[in-house]
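This structure is a prediction, so every number in the text was calculated from the model and none was measured.
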Amino acid sequence: MGRVLADLFKKRGPVRTIGVIGMGYVGIPAGALFAKSFEKVYGFQRDSSSSGYKINLLNAGKNPLKGEEPGLDELLNEVVQKKKFECTSDFSKISQCDAVTIAIQTPFLNPTDLIPDFSALEEGIRQAGKYLSEGSLIVLESTITPGTTANWAKKILEEESGLVAGRAFGLAHAPERVMVGRLLRNIQEHDRIVGGIDDASTNRAMELYGPVLTSGKLIPMTATAAEVTKTAENTFRDLQIAAANQLALYCEAIGINFYDVRKGIDSLKGDGITRAILWPGAGVGGHCLTKDTYHLERGVKIADEQSVDFPDGVESLYVTARHINDFMPMHMVHLLKKGLNRSGKKIKGARVALLGWSFLANTDDARNTPSESFYLLCMEEGADIRVHDPWVTNWPGIDVSQDLESVLSGVDAVVIFTGHRMYYQLDSHKVRELSGSSRCVIIDGRNVIDPDVFIQNGFIYLGIGRGDKNSHPI
Ligand SMILES: NC(=O)c1ccc[n+]([C@@H]2O[C@H](COP(=O)([O-])OP(=O)(O)OC[C@H]3O[C@@H](n4cnc5c(N)ncnc54)[C@H](O)[C@@H]3O)[C@@H](O)[C@H]2O)c1
Ligand SMILES: CC(=O)N[C@@H]1[C@@H](OP(=O)(O)OP(=O)(O)OC[C@H]2O[C@@H](n3ccc(=O)[nH]c3=O)[C@H](O)[C@@H]2O)O[C@H](CO)[C@@H](O)[C@@H]1O
């Protein structure tokens, strides 16, 4: 089969015209970079109420993405002016494309059952199947459950096209490893995992991605291995964070300073012995680490191969890591209660300043923020909680203030949830004056302040990992 497809690709000649389905954080920079290296790119965007506006904006050479994306505005303008990039909702133009990449969102239906919502992705794949031509290549870039490309997506494409994948057209998965704020750089500099359902598809996909890489290298493998790589690389980061969180909880219980221990462990460096210990914190947010573990777990469950040989009654280490990270906002509530008790108060009715709503320091990205779990837990306990964040200006149902002084006025407790730069400058005298409390509580979820400075100024301090300070004398 592979020979037939390789001959078809050869007959068709080099990749010239590319289609990118899904004009979002991934599709827009990818399409612009393809347009730089190839003859023509069509950016396919459905004319939906929420995103249809992007079509005209992009065709005017304008970037619809929020936030700073170095180089993207200029690149988009250049490729549109040169008529090398065109955004359209006319999917029939897919028939002109030598290769089509699909970068459509794959959220979870709801945070509890963690079943991915592939409905938008399915619609995009059906469009690709309907119009794909013989000898073309389809590449899924969305983050998907392992096994999706070679099974679910393959079936849909064959159904819609009436052609056989691996014989009449190529199919691959090339996951995106971009970070908002450095999209162009990441696409060009990160190594690119490229996984085809067969060798011919993998080789054709390497022809597609090779020209857009600067320092990044191509890493070929099978489509399913590529899906596991993407989900597992985030699973491993989540696991490393959980390991740091658990050790921090141990250090609190033992009454020692986690950061001394971390410094000790981190001093062990060298070939194959580095421990790569990360940082504990008030929780793990974002749209990658909170989901990709469950994509991996689901992939193992639905795999046709044999079941996993695993110790009886033992939960997956990776899911345990998720539970530990999701526990951290609850731990912050426990620290808050401890601090308030020491100041003779209860959480019910306590006035609490929550500093930091975004999930990542110095950004406005609040997707799956752990601050929200903490906020809801405190509300359930009857606290009077107000939120500050220098970057997040609005959030459904929450009043996020940018006025730190007003948020700190008259509070019984200050809780630091996000390591925003400005919180490192918190002045203990100023905070104490604003709070008006002689025994104000301060809970540090990101190791931002110096405990001694605040303790000497009359605060009741507790911090994640600070077992050496959490029972300081008052
Ligand atoms: N954003 C990131 O930083 C990032 C990083 C790594 C991986 N990813 C993965 O990449 C994928 C895309 O993410 P994103 O952030 O670009 O999503 P996004 O929501 O920003 O963009 C998706 C775009 O696809 C469009 N779309 C949806 N259905 C369509 C259809 N049937 N036809 C045409 N267009 C359609 C949407 O209107 C939207 O414009 C997801 O699977 C995500 O997990 C994202
Ligand atoms: C392309 C892609 O998928 N990229 C991912 C993306 O992940 P992301 O955007 O979700 O950002 P993260 O940095 O992972 O943070 C997530 C949460 O974990 C908390 N955290 C973090 C480190 C730590 O030591 N202790 C913590 O508690 C932090 O506060 C935040 O809430 O970028 C990472 C590189 O930055 C990549 O590795 C990762 O593949």
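Interatomic distance, Leu65 CG to Lys54 NZ, rounded to the nearest 0.5 Å: 6.5 Å.
Judged by the 6.0 Å and 45° rule, Lys263 forms no cation-pi pair with Tyr259.
A distance-only check finds no donor-acceptor pair linking the side chain of Arg262 to the backbone of Trp279 [under 3.5 Å]. Remark: the backbone N or O of Val284 is not paired with any side-chain donor or acceptor of Asn325 at under 3.5 angstrom. Between the side chain of Thr106 and the main chain of Thr143, a donor-acceptor pair closer than 3.5 Å is present. Formation of a donor-acceptor pair under 3.5 Å by the Asn186 side chain with backbone atoms of Met179 is found in this model. Side-chain N or O atoms of Glu227 include one that pairs as donor or acceptor with a backbone N or O of Gly147 at under 3.5 Å. The main-chain N or O of Ile265 is never found under 3.5 Å from a side-chain atom of Arg275 such that the two would form a donor-acceptor pair. Using modelled atom types, one side-chain atom of Thr202 and one backbone atom of Gly196 make a donor-acceptor pair closer than 3.5 Å. Judged by distance alone, with hydrogens and angles left aside, the side-chain atoms of Asp191 form no donor-acceptor pair with the main-chain N or O of Leu218 at under 3.5 Å. Proximity of a side-chain donor or acceptor of Ser142 to a complementary backbone N or O of Ile104 within less than 3.5 Å is detected. Between the side chain of Lys84 and the main chain of Phe38, a donor-acceptor pair closer than 3.5 Å is present.
Sorted by first and then second residue, the salt bridge (charged side-chain N to carboxylate O under 4.0 Å, His left out) pairs with a member in residues 121-137 read Arg46-Glu123, Glu122-Arg126, Arg126-Glu159, Arg126-Glu160; sequence neighbours excluded. Applying the ring-ring contact (aromatic ring centres under 6.0 Å, His included) test to every pair with at least one member in residues 176-227, sequence neighbours left out, gives these pairs: Phe34-Tyr209.
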Stepwise, does the side chain to side chain donor-acceptor pair (under 3.5 Å) test hold for Ser119 with Asp117? CA-CA 6 Å; Ser119 55; Asp117 172 6; 2.6 Å; yes
What verdict does the side chain to side chain contact (heavy atoms under 4.5 Å, CB included) test give for Asn59 and Glu86, after you've listed the backbone C-alpha separation in whole Å, the side-chain angles of each residue and the deciding distance to 0.1 Å? CA-CA 6 Å; Asn59 286 331; Glu86 178 191 329; 4.1 Å; yes
Using the side chain to side chain donor-acceptor pair (under 3.5 Å) rule, take His287 and Tyr25 through it: C-alpha gap first, then chi angles, then the decisive distance, then the call. CA-CA 13 Å; His287 66 288; Tyr25 283 100; over 6 Å; no
Output, in order, the C-alpha distance, side-chain angles, deciding distance and verdict of side chain to side chain donor-acceptor pair (under 3.5 Å) for Thr88 and Asp90. CA-CA 5 Å; Thr88 177; Asp90 174 5; 5.1 Å; no
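Tested against Asp98, the residues Arg204, Arg12, Arg16 include a single salt bridge (charged side-chain N to carboxylate O under 4.0 Å, His left out) partner, Arg12.
Taking the ring centroids of Trp357 and Tyr375, they lie under the 6.0 Å cut-off.
Heavy atoms only, all atoms of each residue included: Pro390 and Tyr423 are closest at CD-OH, 3.5 Å.
Using the six-membered ring where Trp is involved, Phe44 and Phe91 have ring planes that are parallel, under 30° apart on the 30 and 60° scheme. Taking the six-membered ring for Trp and thresholds of 30 and 60 degrees, Phe374 and Phe417 have ring planes inclined between 30 and 60 degrees apart.
For Glu315, the CD atom counts as densely surrounded, since its 6.0 Å shell holds more than 12 non-hydrogen atoms of other residues, nucleotides or ligands. Heavy-atom neighbours of Met330 CE from other residues, nucleotides or ligands within 6.0 Å: at or below the threshold of 12. No more than 12 heavy-atom neighbours from other residues, nucleotides or ligands sit within 6.0 angstrom of OH on Tyr250.
Salt bridge status for Arg182 with Glu189: absent, with no side-chain N to carboxylate O gap under 4.0 Å. Using a 4.0 Å cut-off between charged side-chain N and carboxylate O, Glu158 and Lys154 make a salt bridge. Salt-bridge formation is detected for the pair Arg322/Asp238: a Lys NZ or Arg NE/NH1/NH2 atom is positioned less than 4.0 Å from an Asp or Glu carboxylate oxygen.
One side chain, Glu297 or Ser316, offers a donor N or O that lies under 3.5 Å from an acceptor on the other. Side-chain contact check for His388 and Ser406: no donor-acceptor pair (N or O, by modelled atom type) lies under 3.5 Å.
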